[in-house]
Amino acid sequence: MSEKKITTDSGIEIKPVYYPGDLPAAWDGSEQPGQFPYTRGVQPDMYRGKPWTMRQYAGFSTAEESNKRYHYLLSQGVSGLSVAFDLPTQIGYDSDHAMAEGEVGKVGVAIDSLEDMQVLFQGIPLESVSTSMTINATGFILLSFYVALAKQQGADLSKISGTIQNDILKEYAARGTYIYPPKPSMRIITDIFEWCSGSLPKWNTISISGYHIREAGSTAVQEIAFTLSNGKAYVKAALERGLDINVFGKRLSFFFNAHNNLFEEVAKFRAARRMWATIMKELGATDPKAMMLRFHTQTGGSTLTAQQPQNNISRVTIQTLAAVLGGTQSLHTNGYDEALSLPTEEAARIALRTQQIVAFESGVADSVDPLAGSYFVEALTSQLEQEALDLMAKIDAMGGSVSAIEQGFMQDEIARSAYEYQKGIESGEKIIVGVNKFLINSEASIPIFKIDDSIRQVQIEKLNALKNNRNPAMVDQVLQNLNDKAASGENLMPAVIEAVEQKCTLGEIADELRGVFGEHR
């Protein structure tokens with residue numbers, strides 16, 4: 001009787017036992033951490049030198065409420081902030097816009113103006129905290145708010161550190177919060193690269209994101225293939241602009257998901273590092289730091305279950321181990337209640353404590369790349385790499401990521417994988433504890449975090465007060481200047497910073513550019 005075939009979530013067959021002969025031909029055990037191609041990590045000493053940055057993604061309701069949560073998280077030991085924005089902010093609508101109704105403050109914080117940004121970071125010196133902002137289509141506006149606030153605080157811009165996600169290609173492929181068509185969107189991104197390399201040297205100008213590709217239903221192989229293909233497209237756009245790959249290459253970062261298949265996830269992170277180093281070298285990078293794939297990880301939102309939600313604490317622990325064993329630079333752990341609502345304070349604290357227990361009690365951070373040399377892990381790293389390279393070759397043959405997205409290739413591949421995965425759950429072939437096996441008759445109720453719909457009215461009143469307290473002629477002048485720069489092809493960042501300093505709102509700036517660039521349909 002033949003033994004049942006077992007595969008990873010990407011469909012890679014797993015052997016019952018692995019032997020020295022399963023090690024890849026190129027593997028000789030001599031590769032050092034912190035050296036090209038960085039399979040074993042980007043730092044020679046990894047977490048012995050400095051633990052990963054512990055972030056907790058937070059943002060909801062108003063700037064005041066989110067600011068309270070940031071102060072709480074900082075008091076509990078987070079080492080970096082991570083801001084979630086509501087849907088209207090993400091797609092360039094002020095809270096008083098008809099399209100914002102029912103969405104203000106729901107999946108993140110509502111930020112309409114520089115005044116909201118001042119409240120969001122009240123009592124938090126921007127020079128001494130690293131801030132990650134999950135924002136794409138309007139990333140350039142939120143960065144301008146942040147820069148204007150740093151200037152008001154008297155901060156040295158050369159010391160400001162953080163990241164904007166700013167990854168528009170995965171929005172077309174998987175997530176949907178885009179505004180402008182691909183070409184002007186790519187132009188805005190290269191404007192940010194160019195402006196930051198001169199004015200904000202420590203800022204990570206993009207976080208090329210596999211996270212949302214995976215959340216949309218991709219496999220681990222597709223997550224790295226599509227993410228690194230998008231990364232190549234951004235690098236090529238910057239090179240066409242005449243930017244120096246050894247300068248902007250150091251400020252590219254990545255954002256990956258961590259799912260439950262522990263060894264596949266560890267192998268995924270190791271393979272992605274090795275692949276990116278080779279890609280950057282082939283594109284002309286010579287500075288080692290420009291070839292390093294540095295990444296933030298978030299545990300898998302789509303793996304969380306509404307049934308028996310406390311089980312999610314165990315899932316998040318496995319995913320935390322995968323990220324750390326895989327060499328992440330920064331990590332957010334999801335709250336156990338996030339399949340039901342935004343995380344309560346208690347759930348956010350347990351999620352942070354999970355990272356702290358792994359860091360300080362488990363011993364996995366004591367040695368660099370502790371799974372290196374495992375016959376299984378090394379074989380799996382190479383298999384993931386080869387399958388991802390084959391998929392990237394298909395994208396290259398289509399003319400790169402932008403063409404592959406325009407042709408619907410990435411979207412179709414993700415949809416097919418999501419369908420196959422769901423089919424496996426429904427047939428019972430894929431076991432999800434508490435969902436299709438090990439059920440219980442009654443669920444204990446857990447407290448839910450709810451956002452009040454009255455928040456929109458609060459934001460509208462703030463917008464009205466802002467507009468009554470500014471110089472309308474100056475507003476018209478700076479918006480016209482922005483329009484002129486958009487039309488002429490000049491770098492937009494100085495004009496956007498000037499507009500936010502003159503109290504222009506996020507929606508006004510986004511609309512001015514809608515008039516020039518149009519909207520992607």
Side-chain angles (χ1 to χ4, degrees), residues 88-94 97 99 111-114 135-148 151 164-169 171-172 176-200 203 205-206 230 233-244 248 399-403 405-406 463 466-467 470-521:
T89 304
Q90 291 180 51
I91 51 178
Y93 294 122
D94 288 334
H97 195 284
M99 292 288 281
I111 298 293
D112 294 322
S113 70
L114 178 55
I135 195 77
N136 296 284
T138 53
F140 67 107
I141 306 175
L142 272 298
L143 179 59
S144 297
F145 285 148
Y146 198 84
V147 168
K151 283 161 74 176
I164 40 170
Q165 194 163 94
N166 196 29
D167 173 8
I168 205 67
L169 291 178
E171 295 297 329
Y172 302 120
T177 68
Y178 45 73
I179 303 173
Y180 314 112
K183 285 191 174 65
S185 294
M186 291 293 277
R187 177 251 173 116
I188 291 170
I189 287 168
T190 50
D191 281 357
I192 293 168
F193 287 2
E194 183 178 55
W195 184 82
C196 287
S197 64
S199 304
L200 217 63
W203 192 266
T205 50
I206 194 166
N230 289 347
Y234 294 124
V235 172
K236 286 180 173 176
L239 289 170
E240 281 164 20
R241 175 70 74 88
L243 303 184
D244 183 346
F248 75 79
S401 271
V402 177
S403 297
I405 288 164
E406 285 172 347
L463 275 165
L466 174 84
K467 287 175 182 177
R470 64 183 189 177
N471 180 335
M474 201 67 201
V475 168
D476 291 343
Q477 187 184 316
V478 293
L479 288 175
Q480 184 56 52
N481 181 44
L482 177 61
N483 192 303
D484 294 344
K485 294 273 194 297
S488 72
E490 283 177 75
N491 194 304
L492 290 172
M493 284 303 292
V496 180
I497 293 167
E498 181 188 35
V500 304
E501 288 177 333
Q502 290 300 329
K503 302 186 181 178
C504 292
T505 69
L506 171 119
E508 287 169 336
I509 293 166
D511 278 348
E512 195 64 42
L513 296 180
R514 279 184 178 97
V516 181
F517 299 143
E519 287 191 80
H520 181 68
R521 296 286 178 212

Student check: side-chain heavy atoms of Glu501 and Lys151 closer than 4.5 Å
yes
Polar contact flag, side-chain donor to acceptor under 3.5 angstrom, Asp112-Thr505
no
Report yes if the distance between the aromatic ring centroids of Tyr146 and Trp203 is under 6.0 Å, otherwise no.
yes
Aromatic Tyr172 / basic Arg521 pairing, under 6.0 angstrom, 45° off normal:
no
Side-chain donor/acceptor of Asn166 to backbone N/O of Gly139, under 3.5 Å
no
Atom OG of Ser144 and atom CG of Leu114: how far apart are they, to the nearest 0.5 Å?
10.0 Å
Less than 4.5 Å apart, side chain to side chain, heavy atoms only: is that true for Tyr93 and Ile179?
no
Can a side-chain donor-acceptor contact be found between Asn481 and Glu498 if the only test is distance below 3.5 angstrom?
yes
Spacing of CD1 belonging to Ile497 relative to CG belonging to Leu143, to within rounding of 0.5 Å
7.0 Å
Have Gln480 and Asp484 got a donor and an acceptor in their side chains that come within less than 3.5 Å?
yes
Could you tell me whether the side chain of Ser488 and the main chain of Lys485 form a donor-acceptor pair under 3.5 Å?
yes
Please determine, by modelled atom types, if Asn136 and Thr177 share a side-chain donor-acceptor pair under 3.5 angstrom.
no
Exam field: side chain Arg187 to backbone Ala486, donor-acceptor pair closer than 3.5 Å
yes
Using only atom types and a distance under 3.5 Å, with no angle test, would you say the side chain of Asn491 pairs donor to acceptor with the backbone of Asp191?
yes
Any luck finding a side-chain donor-acceptor pair between Asp167 and Tyr234 under 3.5 Å?
yes
Using the rule given for side-chain contact (heavy atoms from CB on, under 4.5 Å), can you reason through Ile164 versus Ile192, listing the C-alpha separation, both sets of side-chain angles and the distance that settles it, and then say yes or no?
CA-CA 10 Å; Ile164 40 170; Ile192 293 168; 4.1 Å; yes
Kindly indicate whether the side chain of Ile509, heavy atoms from C-beta on, has any atom under 4.5 Å from the side chain of Phe140.
yes
Below 4.5 Å, heavy atoms only, C-beta onward: do Phe248 and Thr205 meet side chain to side chain?
no
Cys504 versus Val478: any side-chain heavy-atom pair under 4.5 Å?
yes
